[in-house]
Amino acid sequence: MTRLSVEMLAADAPPPITSAGHAQLGIAVLAGIAVIVLLITRYKLHAFLSLTIGSLVLGALAGAPLDKAISSFTSGLGSTVAGVGVLIALGAILGKLLADSGGADEIVDTILARARGRAMPWVMVLIASVIGLPLFFEVGIVLLIPVVLMVAKRGHYSLIRIGVPALAGLSVMHGLIPPHPGPLVAIDAVGANLGITLALGLLVAIPTVIVAGPLFSGFAARWVDVPVPDRMLPQRPSKELERRPGFGVTLVTVLLPVVLMLAKALVDIVVDDPGNMTQRVFDIIGSPMIALLAAVLVGIFTLGLPAGFGKEQIARTVDTSLMPIAGILLIVGAGGGFKQTLIDCGAGQMILDISKDWSIPALLLAWLIAVAIRLATGSATVATISAAGLVAPLAADMSTTHTALLVLVIGAGSLFFSHVNDAGFWLVKEYFGMSVGQTVKSWSVMETIISVVAGALVLLLSLVI
C-alpha cells in the first residue's frame, strides 16, 4: 500500500501563492471549511456562494494576495467545468430521455413482473443500480420512489425492506461510479484513468450495494416500521404515453457508455501501445464525452422515437434536462475553485510535510478527510471535491490502479452518515413519511455501511493490485 512521502510531489510543482507557515495555513484551511459549513448549514446559503466565499476566506487567512486567491479560484472553476461540465450535461440529457420516454418504467415493470417474495429486495437494488448509472441521485429518487411505494403498497411489503435496497443502489452509483459529478471531479483532480476507475468502481460497488441494500434492509425493517404514505404516490411519466421503448433496447442504451468506457480500459491494459490503431480507436470511442454523446444520440432513436417523440418533443426534452443542472455545474465548478485554492496555498504540501512520519496509509487518510468534510457540510459532492483537492499530491507517485483507488476511497468517505445537514436526508424522510429518528436508523445507517464497506474493500484491493 502506498505510504506518504515528501517525494510524492512532482519536482516541477508550482510554488504556493503564500509563504504562510503550517500553523497559519492549517488555521486558514479549517476556517475556510468552517465558513462553508456555517453558510450552508446555518444560513442556508447556496453551496455555490458558500464555496466561493470560503475560498476567498481561505486565501485571505493564508496570507495570499487577494488577486492571486481570486485567480486560483477562477482558474480552478474554469478547469473543472471544462473537464466535467459537458459530461454532466450529456448525462442529464440521457437521464431525461430515459425518464420521459418511459424507458425507465419499462425496465422497472419488466423486472418486477418476474420477481416475487424474498427476491424483491434484490430486484429493487438491481433496478436502482441500473437506473442510477446515468441519473443524478436526486433524479433517481424522484423516478424510483413512486415505484418503491407502489410495490410496497400492492405487494404488502415492508416499505423499508423494499426502499433501502433502492436507495443503496442509487447512493453507491452516485458516490463511486462516473459519470456522476463527484467521481468525475475526483478523477480530474488526482489525474486518474476514468476507465480503470470505472472498472474498479463496479468491482467495489457490487458487494457494497449487496451488504448495504438487501442484507441491511432486513435489519432496518425491524427497527423502522412505517406505512406507505398514500399522499406520495404520484403519477408515473409513462402513464401519459401511448407506447414506450422495449426493455432490451432501453437496457442497451443505458449501458452503452459504460460498455464503451470499460472496453477502452480493457484495450489499454491488453494492448498498451499508444501507436496501435486499435488502441487509438478505442481511446476515442471510449473517452467519456464520446461514449456519453454516442449514448445520447442512440437514445434519441431507441428511446425518443419509439415513445412517439417528434423533433420538437426531443428538443424540449433536451432543453428541460439542461436547466436543472445549472446549479449542479456551478456547485461543482466552485468546488473545483476551492480545490485549486487549497492546492495553490500549499495545503497539499502541508499535509505531506506534517504527516510524512505517520504510519497511516495514504488511502485511509483520504477516506478520513472525506468523512470529516461530509459530516461537516452534508454534501457528498462538496466532500469529494474538497478531499480530492487536499489529497491530490498523494497521487504523484501512485500507480494507475492506486490512483483510481484513491478516487474510490474519497467517494466512499463522502457518503459517510448522512444527517440533518444533508438535503438527501430530508428528501428520503419526506418521501417515506418517517420521523427524524427513523430516518437516522434506516437511511443514515445505510449510508454509513456503504462508506465503511466500500472503504474497506478499496483498502483490501490496494494490497493485491
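- Summarising the geometry of L200 relative to T401, their closest heavy-atom pair is CD1-O, 3.9 Å, with the distance given to 0.1 Å.
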Checklist entry - Given the rule in the side chain to side chain contact (heavy atoms under 4.5 Å, CB included) test, do V453 and V204 qualify, once you have shown the distances and angles that lead to the verdict? => result CA-CA 9 Å; V453 171; V204 171; over 6 Å; no

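- The backbone N or O of S435 sits less than 3.5 Å from a side-chain atom of Q438, completing a donor-acceptor pair.
- Considering CD1 of I300 and OG1 of T253, their distance stands at 11.0 Å, rounded to 0.5 Å.
- Closest non-hydrogen pair, P165 versus I160, comes out as CD-O, 4.0 Å.
- The two residues A186 and A388 have their closest heavy-atom pair at CA-CB, 4.0 Å.
- Taken from CG in L293 to CG in L260, the straight-line distance is 11.0 Å, to the nearest 0.5 Å.
- Contact annotation: the side chain of D225 never approaches that of L159 to less than 4.5 Å [non-hydrogen atoms, C-beta and beyond].
- Distance alone, capped at 3.5 Å, places no donor-acceptor pair between the S386 side chain and the A383 backbone.
- Side-chain atoms of R161 do not come within 3.5 Å of backbone N or O of A220 as any donor-acceptor pair.
- In this structure, CG in L176 is found 7.5 Å from OG in S414, a value given to the nearest 0.5 Å.
- How far OG of S462 is from CG of L405: 6.5 Å, rounded to the nearest 0.5 Å.
- Side-chain contact between K96 and V318: absent, with no pair of heavy atoms (C-beta onward) separated by less than 4.5 Å.
- Within the 4.5 Å cutoff, side-chain heavy atoms of S129 are placed close to those of V209.
- Checked by atom type and distance alone, the side chain of S444 never pairs as donor or acceptor with a backbone atom of H419 at under 3.5 Å.
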Checklist entry - Are S171 and L415 close enough, and set up right, to give a side chain to side chain contact (heavy atoms under 4.5 Å, CB included), and what steps lead you there? => result CA-CA 8 Å; S171 186; L415 297 175; 3.9 Å; yes

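- In this structure, the side chains of L457 and T208 come closer than 4.5 Å at one or more pairs of heavy atoms.
- For the pair I373/L390, a side-chain contact is recorded, criterion being any heavy-atom separation below 4.5 Å from C-beta on.
- The side-chain heavy atoms of H46 and L39, taken from C-beta on, include no pair separated by under 4.5 Å.
- When the options I410, V391, V409 are evaluated for a side chain to side chain contact (heavy atoms under 4.5 Å, CB included) with I369, the one that passes is V391.
- L364 and I360 get closest at one heavy-atom pair: CD2-CG1, 3.9 Å.
- Under the 4.5 Å side-chain criterion, counting only non-hydrogen atoms from C-beta, F216 is in contact with V164.
- Here the closest non-hydrogen pair linking A166 and V148 is CB-CG2, 3.9 Å.
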Item to check | Pair F425-V436, side chain to side chain contact (heavy atoms under 4.5 Å, CB included): steps then yes or no | outcome: CA-CA 9 Å; F425 178 93; V436 169; 3.9 Å; yes

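- Looking at residues two or more places apart in sequence or on another chain, you find no ring-ring contact (aromatic ring centres under 6.0 Å, His included) involving W122.
- Considering all non-hydrogen atoms of both residues, I450 and A212 come closest at CG1-CB, 3.4 Å.
- Looking at H402, its side chain does come within 3.5 Å of a backbone N or O of I465 through a donor-acceptor pair.
- Sorted by first and then second residue, the salt bridge (Lys or Arg N to Asp or Glu O under 4.0 Å) pairs involving residues 440-449 (not counting sequence neighbours) are R374-E447.
- Atom CG of L56 is separated from atom OG1 of T341 by 7.5 Å, given to the nearest 0.5 angstrom.
- Looking at heavy atoms from C-beta onward, L406 lies in side-chain contact with L363 at the 4.5 angstrom threshold.
- Remark: the backbone N or O of F417 is paired with a side-chain donor or acceptor of T448 at under 3.5 angstrom.
- For the residue pair S442/W223, the side-chain donor-acceptor check at 3.5 Å is not satisfied.
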Next on the checklist: Applying side chain to side chain contact (heavy atoms under 4.5 Å, CB included) to S418 and W443, what does each step give before you reach the verdict?
Outcome noted: CA-CA 8 Å; S418 164; W443 162 255; 2.8 Å; yes

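- From L58, atom CG reaches atom CZ of F338 across 5.5 Å, with rounding to the nearest 0.5 Å.
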